[in-house]
Participant: 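Here it is, the structure in full.
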Amino acid sequence: MPAHLSRSQPVPAGTDLTADLAASCGQCQRCELAASRQQVVVGRGNPAARLLLIGEAPGAEEDASGQPFVGRAGRLLEQLLAEAGLDSKRDLYIANVIKCRPPGNRKPSRAEIAACLPWLEQQIARQRPALIGLLGATALEALLGLKGGITKLRGQWLEPLAGSFLSTPETHNVAQVPQQQDQPRTTHQIGDLPNHRPNQPANNPEAINRQTIAIQPSNLQPIALMPLLHPSYLLRNPSGLEGSPKWRTLQDLRLLRLRLDELAAGQG
Ligand code: URA
């Protein structure tokens with residue numbers, strides 16, 4: 001494993017992600033996407049924010065600009081964030097599971113996700129967000145090993161049990177944390193959902209070794225994760241009527257805003 005990916009000491013919150021990490025990430029050749037990319041898309045926003053939003057992968061406009069979520073989906077996301085009172089330059093940082101554009105905007109492969117996850121883990125370790133919004137099924141699967149279930153889980157607060165977050169491939173411990181008053185309090189038995197982790201390419205010496213790059217609980221603030229619908233899905237379902245996917249996403253973003261405010265007020 002490259003030295004810059006091993007981490008034994010907590011990194012101070014607010015460390016500038018754009019400097020050394022972006023420089024290393026920009027040189028990445030861990031998978032075949034390096035050959036076709038124009039730019040590595042590391043992230044944008046406030047690297048010291050308490051909220052991290054994680055999407056899937058850059059598209060054409062992101063690849064050209066080097067910034068995540070600047071295409072159509074990104075503009076919709078910006079609009080919803082603003083409506084929810086979230087300023088993307090101040091209140092959050094946005095990154096993707098995959099840092100390079102998959103050709104033709106295809107879904108990233110499991111091998112590509114496995115190769116790229118250490119960068120995201122580094123970003124999480126440095127930013128140390130208190131809240132993570134998982135934008136879409138790829139982020140949900142890559143971070144929590146949950147395949148499918150985004151529609152059921154969106155808007156729910158999920159909390160990794162101590163030590164389980166991004167730890168071993170076999171571990172899928174997720175507990176629900178108290179809901180806002182108007183949310184149903186269902187308990188998800190994660191065993192009910194198909195367990196899945198991205199395959200680790202057997203012949204890749206840099207294959208993820210989660211035992212060595214796991215984020216240690218001591219470095220975590222109590223993280224709560226919320227799956228949200230992906231903005232591209234919202235583009236395909238443009239209704240904003242009450243009960244629509246877009247309307248639900250706005251409610252979910254408002255819950256994130258509320259939780260940020262509670263954290264700022266020391267109630268988190
Ligand atoms: N743009 C991104 O940066 N990520 C996505 O997941 C979609 C569009």
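Just follow the structure's listing: the first ligand is 1, and inside any ligand the first atom is 1. In what follows, residues are counted from 1 in the order of the sequence shown.
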Participant: Any salt bridge between Lys107 and Glu56, counting N to O under 4.0 Å?
Facilitator: yes
Participant: For the residue pair Gln39 and Ser65, confirm or rule out a side-chain donor-acceptor distance under 3.5 Å.
Facilitator: no
Participant: In this structure, would Leu76 and Tyr233 fall into the same cluster of hydrophobic residues linked by side-chain contacts under 4.5 Å?
Facilitator: yes
Participant: Is the closest basic N to carboxylate O distance between Arg254 and Asp261 below 4.0 Å?
Facilitator: no
Participant: Please determine if Asp91 and Arg257 form a salt bridge, counting it only when a charged side-chain N lies under 4.0 Å from a carboxylate O.
Facilitator: yes
Participant: Within a distance under 4.0 Å of any heavy atom of Gly55, pick out the atoms of ligand 1 and give their elements.
Facilitator: 6 (O)
Participant: Charged N to carboxylate O under 4.0 angstrom, Arg37 versus Glu32?
Facilitator: no
Participant: Within ligand 1, which atoms have a heavy atom of Pro68 less than 4.0 Å away?
Facilitator: 3 (O)
Participant: What is the closest protein heavy atom to atom 4 (N) of ligand 1, and at what distance does it sit?
Facilitator: Asn96 OD1, 2.8 Å
Participant: Examine ligand 1 and decide if any of its atoms is less than 4.0 Å from a heavy atom belonging to His230.
Facilitator: yes
Participant: With nothing but distance in play, are any N or O atoms of Glu62 less than 3.5 Å from an N or O of ligand 1?
Facilitator: yes
Participant: So, regarding Ala57 and ligand 1 (criterion: nitrogen or oxygen to nitrogen or oxygen, under 3.5 Å), is there a contact or not?
Facilitator: yes
Participant: Flag Gly59 as yes when one of its N or O atoms lies below 3.5 Å from any N or O atom of ligand 1, and as no otherwise.
Facilitator: no
Participant: Out of all atoms in ligand 1, which are within 4.0 Å of some heavy atom of Glu56? Include the element for each.
Facilitator: 5 (C), 6 (O)
